[in-house]
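Notes to accompany the following structure.
Whatever order the structure lists ligands and atoms in, that order sets their numbers, starting from 1. Everything numeric in this text was worked out from a predicted model, so none of it was measured.
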Amino acid sequence: MVEYFKDVKKINYVGKDSKEPLAFHFYNPQEKIGNKTMEEHLRFSVAYWHTFTAEGRDMFGVESAHRTWNQYSNPLDRALARADAAFEFMSKLGVKYFCTHDRDLVDEQETLRETNKLLDKVVEYIQEKMKETGIKLLWGTANLFTHPKFMQGAATSCDAEVYAYAAAQVKKAIEITKELGGENYVFWGGREGYETLLNTNMELELNNLANFMHMAVEYAKEIGFTGQFLIEPKPKEPTKHQYDFDVATSYAFLQKYDLDKYFKFNIEANHATLAGHTFQHELRYARINNILGSVDANIGDLLLGWDTDQFPTNVYENVLAMYEILKNDGIAPGGLNFDSHVRRPSYENIDLFYAHIAGMDAFALGLKVANKILEDKVLEEFVEKRYNTFNEGIGKKIVEGKTSLKELENYIIDRKVELPKSGRQEYLENLINRYIFG
Ligand code: XUL
Ligand code: CO
């Protein structure tokens with residue numbers, strides 16, 4: 001069998017003082033942080049599409065990378081070679097999970113029947129690879145956005161035939177996710193949205209989308225797929241407006257259509273940025289509603305208004321993200337999927353290793369710092385004090401919903417209201433800096 005990454009041996013933890021670049025300096029899989037190992041906390045996953053399918057194309061230029069495993073002209077040979085490269089890469093990196101779209105595993109053929117036939121062969125091959133390596137599927141999904149038939153949406157298409165095709169594709173994607181033992185199934189509304197309301201029946205599209213999801217839930221029950229269903233919100237790109245705008249909007253949609261008991265959320269950092277939120281905001285909103293399911297770990301560039309899907313090397317952001325994840329008591333059966341791709345000029349195969357190592361080390365640092373902040377309860381104590389007027393008297397009554405506008409008026413009408421306590425934002429930001437660098 002061809003070895004695609006000949007120059008790389010197994011990536012090991014060497015500690016922060018080593019100068020070895022192809023190694024982890026902070027991610028030490030078996031090191032205990034609190035009650036779990038780093039590996040158990042972080043549940044890293046490699047994204048098949050960015051790492052093995054894509055080759056660095058952007059809106060202005062063709063592929064900058066030349067991935068030898070994608071060069072075969074026969075679609076089956078190409079798919080099997082891609083799987084070989086993927087499992088060699090993940091084994092050497094020591095990541096135990098991957099995520100994939102159906103169309104990463106094989107390229108779309110003339111008919112759905114032909115594509116599915118090819119898919120079956122590749123799935124069988126991948127099952128073998130999974131057995132050999134112990135690598136598991138974090139989540140599967142269907143690509144309902146690349147092919148031109150989906151240009152106006154899939155489950156929100158203006159065309160019933162396109163809708164039917166998308167439904168059949170999702171049916172198959174759930175089946176293969178089950179066959180591969182996938183722990184979750186993701187819906188990202190790739191083009192579920194609109195470009196202009198002038199031509200859009202929004203009500204019909206949203207109703208159709210809800211029916212689509214109900215059918216998916218039904219089918220999963222029917223075939224005994226017990227993985228967690230996840231929605232991945234994104235406000236825009238590729239469409240101008242996507243229906244799954246952010247966690248709050250999508251949660252309202254799920255509640256309206258009686259779908260909320262079947263879904264949790266896969267939260268992507270760069271999508272949060274595009275929605276005008278911080279990553280932490282989206283994680284927090286999901287956590288307090290008990291719908292935090294999984295994470296697409298990446299980062300955007302604040303100077304660019306699009307989804308750059310960069311590797312999450314910003315330790316500060318990772319600290320705040322891991323703070324939410326730890327407070328959620330982890331995200332299993334979800335994980336941290338690197339929905340990230342190397343920058344176009346980082347076109348060599350070795351850059352795939354450098355990029356993942358960078359993301360894994362930066363999240364390991366985030367985990368360590370967040371755990372320390374939580375152990376010391378510094379933020380908890382501050383927040384607790386900030387709200388302490390709600391612990392007794394009229395405040396307690398407000399929290400318990402046992403008061404009224406009349407009673408509150410009576411209570412306050414003759415009092416001189418003092419300024420609330422200082423928010424101490426700069427003090428807290430410095431505190432976090434001391435935890436990171438101290
Ligand atoms: C697109 C995106 C997707 C989903 C899976 O922005 O994040 O890759 O994660 O379809
Ligand atoms: Co994503």
### Task
Check whether NZ of the Lys or CZ of the Arg K149 lies under 6.0 Å from the centre of the six-membered ring of Y165 and within 45 degrees of that ring's axis.
yes

### Task
Could you check atom 5 (C) of ligand 1 against the protein and tell me its nearest heavy-atom contact, residue, atom and distance included?
H101 NE2, 3.3 Å

### Query
At under 4.0 Å between heavy atoms, which part of W139 makes contact with ligand 1: side chain, backbone, both or neither?
side chain

#### Entry: Contact atoms of ligand 1, heavy-atom distance to E268 under 4.0 Å
2 (C), 7 (O)

### Message
Any nitrogen or oxygen of D309 lying under 3.5 Å from a nitrogen or oxygen in ligand 1? Just yes or no.
### Response
no

## Note on the structure
Note: N266, heavy atoms under 4.0 Å from ligand 1, region reported as neither

### Query
Got a salt bridge between K327 and E380, using NZ or NE/NH1/NH2 to carboxylate O under 4.0 Å?
yes

### Query
Just heavy atoms, cut-off under 4.0 Å: does E232 contact ligand 1 by side chain, backbone, both, or neither?
side chain

#### Entry: Electrostatic pair R43-E183, nearest N-O below 4.0 angstrom
yes

### Carboxylate-amine/guanidinium proximity below 4.0 Å for E3 and K92
yes

### Query
So, do F187 and Y185 have ring centers that fall under 6.0 Å from each other?
yes

### Query
Can E268 and K234 be counted as an ion pair, charged N to O under 4.0 angstrom?
no

### Query
Out of curiosity, is E237 lining ligand 1, as in a heavy atom under 4.0 Å away?
no

### Query
With the threshold set at 4.0 Å, does a side-chain nitrogen-carboxylate oxygen contact exist between K129 and D84?
yes

### Task
Answer yes or no for W306: is there a heavy-atom contact with ligand 1 below 4.0 Å?
no

## Note on the structure
In L336, N337, L138, the residue satisfying side-chain contact (heavy atoms from CB on, under 4.5 Å) with S294 is L138

### Message
D339 versus ligand 1: do any nitrogen or oxygen atoms come within less than 3.5 Å of each other?
### Response
yes

### Message
I'd like the atom name of the N/O/S atom in D296 lying closest to the Co ion (ligand 2).
### Response
OD2

### Query
Are the charged groups of R67 and E55 less than 4.0 angstrom apart, N to O?
no

### Query
What's the atom name of the N, O or S in E232 nearest to the Co ion (ligand 2)?
OE2

### Task
Among the N/O/S atoms of E268, select the one at the shortest distance from the Co ion (ligand 2) and name it.
OE1

### Message
Checking one value in my table: which N/O/S atom of D339 lies closest to the Co ion (ligand 2)?
### Response
OD2

### Query
How does D307 reach ligand 1, by side chain, by backbone, by both or by neither, if only non-hydrogen atoms under 4.0 Å count?
side chain

### Query
Between H356 and F89, how do the two ring planes meet: parallel, tilted or perpendicular, split at 30° and 60°?
perpendicular

### Query
Does the N or O separation between K234 and ligand 1 drop below 3.5 Å for any pair?
yes

### Task
Check ligand 1 against D296 and write out every atom of the ligand that is under 4.0 Å from a heavy-atom position of the residue.
9 (O)

